[in-house]
Amino acid sequence: MRWSQMFIPTLREAPAEAEVPSHILLLRAGYIRQLASGIYSYLPLAQRVMNKVSRIIRDELDRIGAQEFFLPALHPAELWQESGRWESMGQNMFRLKDRANRDMCLGMTHEEVFTSIARSEIRSYRQLPQIWYQIQTKFRDEPRPKSGLLRVRQFTMKDSYSFDVNWEGLDASYQKHYEVYCRIYDRCGLRYRVVEADSGVMGGRQSQEFMVVSEAGEDQICYCQCGYAANLEKAVSRLEPIVDESGPEKPELVFTPNQKTIDEISNFLKVKPSHQIKTLVYISKHSPLLALLRGDHQLNEAKLQSALGIEARPARPEEIQEIIGASAGSLGPVGISKIPILSDQNLKGRKNLTCGANRDDYHLCGVTPDKDYVAEYHDLRLVQSGEPCIRCGKPLAISKALEIGHIFKLGTKYSESMGATVLNADGQQTPLVMGCYGIGLERVMAAAIETGNDQDGIVWPCSIAPFSCLISVLNTKDNQLVEAAENTYQELQRRRVDVLLDDRDERPGVKFKDADLIGIPFRINFGSKKFKEGKVEWVERSSKKVEDINYLELVPRAISILQEAGIR
RNA sequence: CGGGGCGUGGCUCAGCCUGGUAGAGCACCUGGUUCGGGACCAGGGGGUCGGAGGUUCGAAUCCUCUCGCCCCGACCA
């Protein structure tokens with residue numbers, strides 16, 4: 001491809017609306033343009049990257065015998081009503097009506113469509129296992145699109161689904177995906193971590209997310225050098241147990257005027273936060289509940305919800321007043337009997353603790369769990385960085401991270417609700433056991449930029465760069481030079497190298513700036529001066545290292561360097 | 001949906017507070033000089049100031065409504 005003919009609208013300045021590096025660079029380097037909030041057009045450079053990513057994905061999935069489909073993006077409502085998700089997806093689903101006033105929607109994901117094919121075509125366990133996938137546009141009416149391609153309303157997803165007769169089969173299909181995902185991300189040149197994920201309201205047995213550590217990420221992951229890694233929503237740590245001194249036989253009421261927070265009580269009564277009970281009021285399905293934690297701990301709402309099995313939200317101040325009869329600074333579990341009390345397990349076995357007295361300006365000292373109140377114990381707390389790893393005891397790290405893939409043991413949720421069954425070896429009807437596995441293509445692209453950029457622009461991994469190599473002709477008036485560059489360009493093309501020829505009549509400075517911006521891994525500079533000595537420059541984008549190469553040896557050298565870098 | 005910010009030429013922004021008939025830099029076109037890290041000189045084209053309504057002799061500027069975009073939060077199979 002010749003730069004002079006290619007559409008690469010680079011910008012000298014960063015557009016005002018962009019904030020994260022990938023967004024700024026994708027815009028500046030002429031990869032994408034926004035059409036509406038969370039909806040982007042991919043210009044030729046971005047499309048080339050997307051194609052490279054999908055090629056890697058196809059290549060790897062085909063190795064495990066997965067079969068590519070292409071399913072509709074436009075679905076009839078009935079399908080989603082069957083699985084129950086027409087309701088549960090709520091506002092996140094784009095909905096429309098056809099001319100006959102039939103309800104339709106744009107697919108957010110394709111469990112329903114694949115399951116409907118499976119149920120009507122697969123009769124026997126002998127036809128299993130199957131792994132089906134597609135690379136398709138997905139639509140989600142995000143409440144808040146943000147960060148360029150990281151959170152959008154229309155995006156490209158590779159989604160695969162496995163169908164097995166039983167759980168053992170699912171385990172095998174899941175394991176295959178785990179391995180294939182590692183290969184895919186390795187080939188895409190991403191540094192990622194696999195974390196245990198919260199399966200959330202979705203149910204299911206097991207799920208893991210593939211994460212790239214990045215400040216632009218919206219998730220937080222917790223990990224240890226020993227290999228333990230989990231989404232913060234799911235993470236656990238090993239805390240040192242606290243041994244309490246004995247206190248009074250019965251809780252004692254103390255006057256604590258205007259002392260509301262854990263810290264204020266800590267100062268006022270000289271009681272460490274770790275010796276207090278933090279009491280939170282939550283509302284789930286209109287009914288209230290108490291969540292208890294050690295004073296110095298924080299609630300993990302995801303854990304609370306999975307303990308409850310349904311969603312819950314913090315109560316509003318007036319609700320707390322109505323339910324307990326006291327305000328948020330003076331709450332405690334003692335004397336509460338009508339509403340469920342869920343306690344973090346770190347309060348188990350403790351004694352002589354301090355908590356609110358459910359009366360404004362009063363607290364209770366000497367409270368002992370299981371004696372002064374009764375609670376149901378769960379893991380409810382949010383892990384903090386530096387805490388001992390649950391497996392090895394070394395300090396845990398917490399980082400922001402970007403989810404680039406998710407593998408999930410679905411089980412029979414869809415096959416049961418949609419009636420997708422097969423006959424097993426014993427001749428019995430049994431629901432298909434399913435897994436689903438997703439990769440967000442744009443996120444792979446954006447994550448590569450988030451982790452691969454410098455002041456001058458993008459630094460692509462070789463495997464997914466729009467071109468492998470850029471030939472820059474620094475003086476287009478020098479006919480010999482132009483001819484030599486042209487020959488090299490054609491020779492490299494003949495050797496199937498993705499090469500871009502910067503043949504524009506621009507000053508060298510402009511070419512260098514643009515080259516660094518768009519981030520092609522290697523650049524060959526054809527400059528008049530050095531070429532007179534029979535030399536050209538080989539520049540590595542990532543390190544900016546320059547090496548003079550003899551023009552006569554250029555093509556073989558180029559091929560061998562590119563091969564070494566993993567580019568065919 | 002709550003909070004904040006911003007909409008002025010293709011891009012970045014000034015002008016708005018204190019109304020008086022729209023500006024800079026970059027980009028673009030023409031000519032010339034340049035040519036190894038976003039050149040310079042000269043000339044030129046391009047803007048219903050997001051939209052609607054109102055106040056006023058007069059509105060980019062003040063008021064009301066509305067649309068769009070960004071950020072924080074809520075939300076996120």
| request: Under a 3.5 Å limit for both distances, which nucleotide forms a Watson-Crick or G-U wobble pair with B:U61, could you say? | output: none

| query | For B:A14, what is the paired nucleotide under Watson-Crick or G-U wobble rules, both distances under 3.5 Å? | reply |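 Across any shown strand, B:A14 pairs with none.
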
| query | How does each nucleotide of nucleotides 71-76 of chain B score, in 5' to 3' order, for protein heavy atoms under 4.0 Å: base (B), sugar-phosphate only (S), or none (-)? | reply | BBBBBB

Side chain to side chain contact (heavy atoms under 4.5 Å, CB included) partners for [X], two or more places apart:
| X | result |
| --- | --- |
| A:Glu179 | A:Gln175 |
| A:Ala77 | A:Gln81, A:Trp86, A:Asp103 |
| A:Ile262 | A:Pro273, A:Gln276, A:Lys278 |

| Contact list for residues 136-156 of chain A, test salt bridge (Lys or Arg N to Asp or Glu O under 4.0 Å), sequence neighbours left out |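 Qualifying pairs, neighbours excluded: A:Lys138-A:Asp159, A:Asp141-A:Arg153, A:Glu142-A:Arg151, A:Lys146-A:Glu218, A:Arg151-A:Glu218.
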
| request: For residues 478-488 of chain A, pull every pair meeting salt bridge (Lys or Arg N to Asp or Glu O under 4.0 Å), keeping only residues two or more places apart or in separate chains. | output: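 Qualifying pairs, neighbours excluded: A:Arg2-A:Glu486.
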
| Residue A:Gln34, side-chain heavy atoms: nucleotide from B:G38, B:G37, B:C70 that is nearest | B:C70

| query | What's the CD1-P distance between A:Ile407 and B:A77, to the nearest Å? | reply |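 One finds 17 Å between P of B:A77 and CD1 of A:Ile407, rounded.
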
| note | Rounded to whole Å, the CZ-C1' distance (A:Arg12 to B:U12) equals 11 Å

| task | Could you list the residues that satisfy side-chain hydrogen bond (donor to acceptor under 3.5 Å, both in side chains) with A:Glu301, not counting sequence neighbours? | result | A:Tyr282

| query | With sequence neighbours excluded, what pairs up with A:Tyr489 under the ring-ring contact (aromatic ring centres under 6.0 Å, His included) test? | reply |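 Once residues adjacent in sequence are excluded, A:Tyr489 has no partner under the ring-ring contact (aromatic ring centres under 6.0 Å, His included) criterion.
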
Give each protein N/O atom lying under 3.5 Å from an N/O atom of nucleotides 40-45 of chain B, with the pair distance.
none

| Stacked cation flag A:Arg443 on A:Phe155, 6.0 angstrom / 45 deg |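 Ring-cation test returns no.
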
| task | Using heavy atoms to find the nearest nucleotide of RNA chain B for A:Ala14 and A:Gly527 separately, return the residue whose nucleotide is more 5′. | result |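 With A:Ala14 and A:Gly527 compared, the 5'-side residue is A:Ala14.
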
| request: Could you name each residue pair satisfying ring-ring contact (aromatic ring centres under 6.0 Å, His included) that touches residues 297-320 of chain A, not counting sequence neighbours? | output: none

| Within residues 35-47 of chain A, residues whose heavy atoms come under 4.0 Å of RNA chain B |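 By residue number: A:Ala36, A:Ser37.
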
Distances under 3.5 Å between protein N/O atoms and the N/O atoms of nucleotides 32-35 of chain B, please, pair by pair.
unit_1 : atom_1 : unit_2   : atom_2 : d
B:U34  : O2     : A:Arg507 : NH1    : 2.6

